[in-house]
There are 2 protein chains.
Amino acid sequence: MDRRQRKTRELIFNAFILLLSKKHYNAITVGEIIELANVGRATFYSHFETKDFLLKELCIELFSHLFNAENDGDNDGIFNCDIHGNVFLHLFKHVKENDNNIRKLLTSKNNELFVEYFKGEVTKLFKERLLDFIDKKPASIPQEFWLNHITSTFIETLRWWIETKMKQTPEVIYNYFLELI
Amino acid sequence: MDRRQRKTRELIFNAFILLLSKKHYNAITVGEIIELANVGRATFYSHFETKDFLLKELCIELFSHLFNAENDGDNDGIFNCDIHGNVFLHLFKHVKENDNNIRKLLTSKNNELFVEYFKGEVTKLFKERLLDFIDKKPASIPQEFWLNHITSTFIETLRWWIETKMKQTPEVIYNYFLELI
DNA sequence: AATATTATTGAACAAAGTGTTCAGTATTAA
DNA sequence: TTAATACTGAACACTTTGTTCAATAATATT
């Protein structure tokens, strides 16, 4: 990819992230983004079809290393942690220590699109590790319902934790989560 | 209130509800609403400041009888049910039998505003009846967190039920809910 | 270093939506 | 019947969106 393209992409991403932490997703206009990024209008539209696509590509940029990491070395993908699957504890830690972006996006308003993306990824994680939680499932309820429940509970827990300023350690909040389910 | 006002209010509400079941909240324009309602543009704006206010007033219109009913007779407010507080079972029943509007609104896209309203009302209900559920709370977790959790779980359960076409009876889905918490 | 390719620019553009205004008309309440 | 009030519809300024295009700049290719 042309160096110019990489440059403008990054300028746009940075401007967008900055705006996301200042105002609702719906309230952000393409005009504001390009003004802050110092980029022509036509340039923006040659990179991204719409604002929604910008968000989508930003998610891939920011989180694909987390969710899609193969076991190929020294990245910090979710799958490369303490052998036996404290994936979710790892995620709490990751959010606390590195990932201000997840914090911003998960608590920003009018951002159904991101929540949908994030929930989709987390659902995949739980699906792959469903057996680790299957013993907690009451026998009577359907598995699809259970999957939806633990995923939602995880995300709500994470959101609550972020919104109340992350006063607990990742370990404590992870135990809260385990006690809920 | 002038009969003319009541008439246009109802025309607008009906048009809005119809549109909500056909497209995303964000995609609905004032132009469409007034065209469908057969009402002048100026009239719309003399009734409602913005589309968001329209939604807000629609919620009050549709659900205040549910959530704010005092014990004053033959309404079907949430508080006027089987003495000992199966409020939530009652809500499941209500949604299944009478309330196509909650169904539409709770599963419509780009409708954070409604979900926020609905969650607020349900949170109030749980807060007033927290003692009924307090014995299910693990000792270690904070009460505010617990309140948020059972509220979210209730709403997610309701949403899942609606989205999967309400195949279970209200009693069964209510038991699912109880087993989750 | 010269050239071909590709990205960016800025300005202009149509289209769609928002929210306001106002004079004229119709409906309702008194 | 009259006075008050609600509705109309058309026009308005304004904002935002997404597109187009010729000129210019940066990069890749040889």
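No experiment lies behind these values; they were computed from the predicted model shown.
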[X] atom [atom1]: more than 12 heavy-atom contacts under 6.0 Å:
X        : atom1 : answer
B:Lys119 : NZ    : yes
B:Glu35  : CD    : no
B:Glu97  : CD    : yes
B:Glu163 : CD    : yes

Determine the interplanar angle of the [X] and [Y] rings, folded into 0 to 90°, and report it as parallel if under 30°, tilted if 30 to 60°, perpendicular if over 60°.
X        : Y        : answer
A:Phe154 : A:Phe92  : tilted
A:Phe133 : A:Phe88  : perpendicular
A:His149 : A:Phe145 : tilted

| query | Think B:Thr43 has a side-chain N or O under 4.0 angstrom from the OP1 or OP2 of D:dA6? | reply |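 Checking D:dA6 against B:Thr43, no side-chain N or O comes under 4.0 Å of OP1 or OP2.
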| Does B:His47 put a side-chain nitrogen or oxygen below 4.0 Å from OP1 or OP2 of D:dA6? |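 Answer is no, no contact under 4.0 Å.
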Rounding to an integer number of Å, can you tell me how far [X] [atom1] sits from [N] [atom2]?
X       : N      : atom1 : atom2 : value
B:Phe48 : C:dT20 : CZ    : P     : 15 Å
A:Phe44 : D:dT19 : CZ    : P     : 11 Å
A:Glu35 : C:dA11 : CD    : C1'   : 16 Å
B:Leu19 : C:dG17 : CG    : P     : 13 Å
A:Ile34 : D:dG18 : CD1   : P     : 12 Å

| Transitively linked via ILVMFWY side-chain contacts under 4.5 Å: B:Ile155 with B:Val172? |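 Hydrophobic grouping puts B:Ile155 with B:Val172.
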| message | When you measure from the centre of the six-membered ring of B:Tyr25, is the NZ or CZ of B:Lys51 closer than 6.0 Å and no more than 45° off the axis? | response |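 Here B:Lys51 passes the 6.0 Å and 45° test against B:Tyr25.
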| task | Under 4.0 Å from any atom of DNA chain C, heavy atoms only: list the residues of residues 3-18 of chain A that qualify, in numerical order. | result |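 Residues of residues 3-18 of chain A under 4.0 Å from DNA chain C: A:Arg4, A:Gln5, A:Thr8.
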Close N or O pairs between protein and nucleotides 14-17 of chain D (under 3.5 Å):
from	atom 1	to	atom 2	distance (Å)
D:dT17	OP2	A:Val30	N	3.2

| Which nucleotide sits closest to the side chain of B:Asp2: C:dT9, C:dT8, C:dT28? |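 Of the options given, the side chain of B:Asp2 lies nearest C:dT28.
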